[in-house]
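Per chain, numbering begins at 1; letters A, B, ... match sequence-line order.
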Amino acid sequence: MTARSNLLTAEAAARAKELEFFARTRVEGFLKGQNWSRRKGASTEFLQHRAYMPGDDLRRLDWRVFARTDRLVTREYEEFTNLDAVLALDTSGSMGYAGEAMSKIEFARHCAAMLAYLLNLQNDRFGFAALSARVTDFLAPSNGKRHLAELFRRMVSAAPAGETDMGACGAELLRRAGRKSVFVVFSDCFQEPAGLCRGLGMLRQQGHDVLVLHVFDPSETDLVFPGFTLFRDLETGQLDGADPMELREAYRDVCRAHSQALKDGLNSYGVEFAPLPVTAEWDVALAELLMRRR
Amino acid sequence: MIEFRHAGALVWLVVAVAPVVIYLLLRRRKREVPWGASYLLRLTLATRRKASVWKQMVVLAVRVLVLVLAASLVARPYRQNPRPRSLAPRMPERPVHRVVLVDDSLSMSVSVGADSRLNRLRSALGALLLSERPGDTITLIRLVPERPRPGASGRRLLAAPFTTFAGRLSRREVREIVSGISLREGVIDLEGPLIAALSRFAATPGAERELYVLSDFPREIGTTLGRLEWFRSSRGGICVVPVNMSAAGESLRSSVSVRDVRIGSDLLLAGVPTLVYVDVQNFSDVKATTRLRVELGGQVAAEQVVSLQPDERKRVALPVVFSRAGVEALEVRADGELIVLDAGLARCVEVRHGPAVWLYADEADPREELPMTESEFLVRAIACEPRLLGLEPIGVRELAMPIPAEVDVVLLAGPRVITPKMGEYLTSFVRRGGGLVVAMSPRVDIAFYNDNLGPLLPAHLIGPARKEVDPQSYDSARQEPADGASELFAEFATDRSGELEEVRFYNHVLLEDADRLEGVVFRLTNGDPLLVHRACGRGHVYLWTSSIGASWSSLAVRQSFIPLIVRMINAAMAGRGFPRNLRPGESFVCEWTGKGTAALVGPDGQQRELQPVRGPEKPFVIASGLAERGLYELRDATRRVGAFAVIGQFAEPDLRTLDDDGQKALAATLGHSIFEDWPAAVRALGPSDSAPELGLVVLLVICALYLFETWFVRYL
């Protein structure tokens with residue numbers, strides 16, 4: 001519970017109870033839930049008519065249609081089920097950058113913890129994956145307080161290190177994913193946009209719902225340092241010398257172009273993309289995001 | 001060259017090293033920061049790194065330059081030797097009235113390369129005009145007095161015109177004023193302009209008074225400085241600034257000027273070599289060599305190279321043969337003239353083929369052992385060259401009646417008797433323009449000559465100098481210097497050929513008052529006149545006091561015999577022509593042989609109509625009021641009928657500045673020595689406050705550099 005108390009405040013837990021998290025695609029669950037299931041069920045929400053097939057439940061025959069058209073058709077209804085969500089946390093070294101606010105990984109942990117808490121409240125199953133150059137840790141989806149505590153523990157223990165390779169991570173997540181799930185990726189996306197989009201797009205192409213939450217520090221999008229500066233790469237340790245005054249405008253342009261490329265690339269795969277600046281209150285920012293998503 | 005009024009403020013230049021120091025410190029104190037977005041940083045660096053080094057250097061240089069300029073701006077920069085156009089003396093606090101005496105004489109056109117004295121004057125004047133402020137006044141006075149009109153008398157006291165400008169002048173106005181200064185021929189006169197300047201100063205009593213004299217101060221004014229003594233006591237309170245507009249070392253350039261051209265007569269004989277005497281002078285401080293050319297109808301008729309020592313004047317004789325009858329114009333030019341006038345030194349002569357000459361001599365005395373007339377040698381000699389003279393021996397009958405107008409000259413070769421009737425007709429002939437040459441012989445009866453030719457003869461005849469001719473006792477001839485018609489006979493002068501000096505004159509006729517006699521062309525070595533000239537009416541009389549035959553002299557057997565006779569006839573027939581080389585103001589009169597009205601074309605190309613005047617026999621044209629030097633042409637509707645020239649010496653032959661004594665005298669008069677050039681004058685007076693102007697330029701440069709740096713950093 002120590003990890004929970006660190007990651008999730010009482011205000012955040014209270015705010016999570018007012019929120020809902022849905023998959024935007026049809027998922028596969030085995031319990032009743034709030035998400036559209038890939039299966040047809042017996043709910044009150046009519047889905048479609050279908051030609052009668054031998055073995056179909058006669059209770060679902062639409063006698064009125066039969067009376068009018070002399071054809072046997074059955075009625076199908078939507079099935080609502082719970083979802084499997086994997087909270088994928090980018091644990092590459094760049095996530096360890098901390099500006100004036102908290103570090104990006106810390107912010108991402110809080111958000112992921114709040115989202116896990118919400119999923120647990122909704123009886124959805126949630127898992128965890130730590131991503132860097134590969135999937136360094138994976139907790140299969142489940143639910144329950146014990147599972148939540150385990151997830152918190154793993155999140156806290158996932159320290160930022162290594163480089164980012166979402167392409168490799170996406171392929172590995174695809175292998176590990178069982179049913180059609182929702183992947184919520186917390187990442188700063190400091191990688192070539194094409195590779196990142198390709199890796200996460202694979203998940204989406206296989207029927208999974210993918211939501212990329214772009215965790216970024218606004219100070220990273222601007223070079224505010226005076227004078228000549230050596231920038232040490234948090235992922236590789238490489239030093240790059242530059243005069244921020246000289247590069248500022250060009251750097252801003254590169255940042256804008258990178259962000260736009262991410263957005264366009266992910267949208268082209270049907271992947272949802274949303275920015276999460278670390279300067280905001282994490283619970284408020286996530287709550288607003290989920291409210292908008294509804 | 002740029003200098004600074006507050007040079008001490010240049011210590012602020014040290015701030016210019018601040019960007020360098022900051023740059024070096026920043027490079028030295030590398031700050032290391034952990035950075036997550038190195039991927040994006042490297043993307044940026046990949047496009048910027050190549051250019052970053054030199055761009056940093058450019059930015060650094062621009063920033064240093066901006067600070068240097070800012071520091072120099074504090075030090076108030078100004079230009080030490082700006083172009084004269086922008087060079088103006090310091091303006092006094094109070095309103096100032098500046099009177100500028102502008103030398104507009106033709107000598108200001110002298111140039112060294114493309115820069116002339118006039119250009120320097122225009123630059124200085126332009127600077128003065130541009131520096132005018134509201135409340136200031138500037139008056140321009142020309143130094144060359146207006147040329148007096150022919151016939152006008154008296155001397156102008158005030159120089160005119162003068163022009164006064166008040167207040168600030170636009171650049172366009174200044175340009176118009178400066179370019180409007182035109183040059184005139186004439187010697188500058190300081191007295192009138194100084195009086196005018198004082199009168200102009202009196203019109204602005206409350207203003208500061210500055211008097212600028214912009215001139216080349218030619219040597220000719222040295223003789224007039226004595227008339228300016230009054231100015232010493234009148235110049236109180238006036239800042240006098242005399243500035244020399246001539247360039248340094250101009251006196252070391254050779255400057256040759258043709259001072260005069262003399263031919264001796266305006267009526268010449270065709271085919272006879274004639275000497276054109278050209279007076280040329282070197283007006284420089286170095287030895288000069290020039291080529292003199294006599295051009296006849298645009299063609300070079302004669303030329304000669306002449307070397308002249310500094311200030312040396314030479315008379316050069318150039319032989320010219322006029323082969324074509326009619327009116328001819330010749331021009332004399334010399335290489336090395338700093339000022340070449342379009343009019344040049346032009347002369348106009350009328351050329352005629354062999355004149356009609358009557359030769360009257362007594363018959364040969366048959367009692368002599370070798371009977372021969374006085375004209376025997378002459379007739380035989382002329383017979384060899386009949387084209388030279390139309391010599392016609394005559395008898396007493398021809399002279400006993402009026403002499404026809406076709407006869408140009410009558411030559412009396414020592415006849416014994418001149419009858420009263422002959423004297424009467426000869427007098428009438430001479431008064432109407434005919435020429436008379438009277439020679440003596442042993443046979444002449446002096447009384448007849450004195451009685452019947454007295455009005456024509458230059459002097460009363462006394463009698464033969466010797467009773468008997470002694471071959472061992474003789475005199476030689478020498479030319480009398482300084483005579484109006486002497487150029488025709490100059491070639492016989494002792495110092496030229498010596499030929500006439502070789503002639504032995506065994507006897508001659510003595511004349512009364514021989515020592516004080518005017519018109520003597522040749523004298524014998526004993527001082528007695530040999531050839532005497534006298535003008536009578538329109539004609540000319542030449543008295544040869546010895547014989548032209550072999551009786552009293554050996555002239556007839558010398559080579560100079562025929563040339564001398566031809567010259568005497570040429571000189572005597574001068575009355576048959578009209579004066580064609582006039583002084584300014586003289587009138588030209590000649591027969592009008594054209595059709596209709598006459599058109600007079602002046603040297604400037606301007607044309608005016610002349611109405612022919614009906615004379616007793618032929619119409620005449622009269623042209624008066626001629627002041628412009630050069631060649632004039634008389635034309636009718638179809639052709640050139642005649643020509644003449646108005647002659648005169650160039651007013652400013654010596655283009656050098658006053659010598660040291662003259663400059664001292666002028667400085668004593670004006671109260672200030674002559675500044676060597678305009679920048680020197682401005683330096684002495686204190687240059688105008690040009691720092692704001694230069695400061696504005698620096699400020700603009702700083703702004704431009706700042707904008708450039710901003711653009712460079714932001715967009716490149």
Q | Residues of residues 263-271 of chain A contacting chain B, heavy-atom criterion under 4.5 Å, by residue number | A | none
Q. Heavy-atom distance under 4.5 Å to chain B: side chain of A/Thr221, backbone, both or neither?
A. neither
(Q) Taking every non-hydrogen pair under 4.5 Å, which of A/Glu249, A/Gln191, A/Glu235 racks up the most with chain B? (A) A/Gln191
**Q.** Short N-O contact, B/Arg120 and B/Asp677, less than 4.0 angstrom
**A.** no
Q. Does B/Val701 reach the side chain of B/Val66, with side-chain heavy atoms less than 4.5 Å apart?
A. no
Q) What residues form a salt bridge (Lys or Arg N to Asp or Glu O under 4.0 Å) with A/Arg154, not counting sequence neighbours? A) A/Asp137, A/Glu150
(Q) Please identify which of these residues, A/Thr164, A/Thr136, A/Asp165, meets the side chain to side chain donor-acceptor pair (under 3.5 Å) condition with A/Ser92. (A) A/Thr164
(Q) Looking only at the aromatic ring of each residue, does the gap between the centers of A/Phe107 and A/Phe186 stay below 6.0 angstrom? (A) no
(Q) So for A/Glu220, is it side chain, backbone, both, or neither that comes closer than 4.5 Å to the heavy atoms of chain B? (A) both
(Q) Between B/Trp35 and A/Phe225 (judged by ring centroids, cut-off 6.0 Å), do the two rings come close enough to count as a pair? (A) yes
**Q.** Worked check of side chain to side chain contact (heavy atoms under 4.5 Å, CB included) between B/Tyr39 and A/Glu192
**A.** CA-CA 8 Å; B/Tyr39 165 72; A/Glu192 183 197 4; 3.9 Å; yes
(Q) I need the residue from A/Val254, A/Leu234, A/Leu230 with the largest number of non-hydrogen atom pairs under 4.5 Å to chain B. (A) A/Leu230
Q: Would you check if the side chain of A/His258 reaches a backbone N or O of A/Cys189 as a donor-acceptor pair within less than 3.5 Å?
A: yes
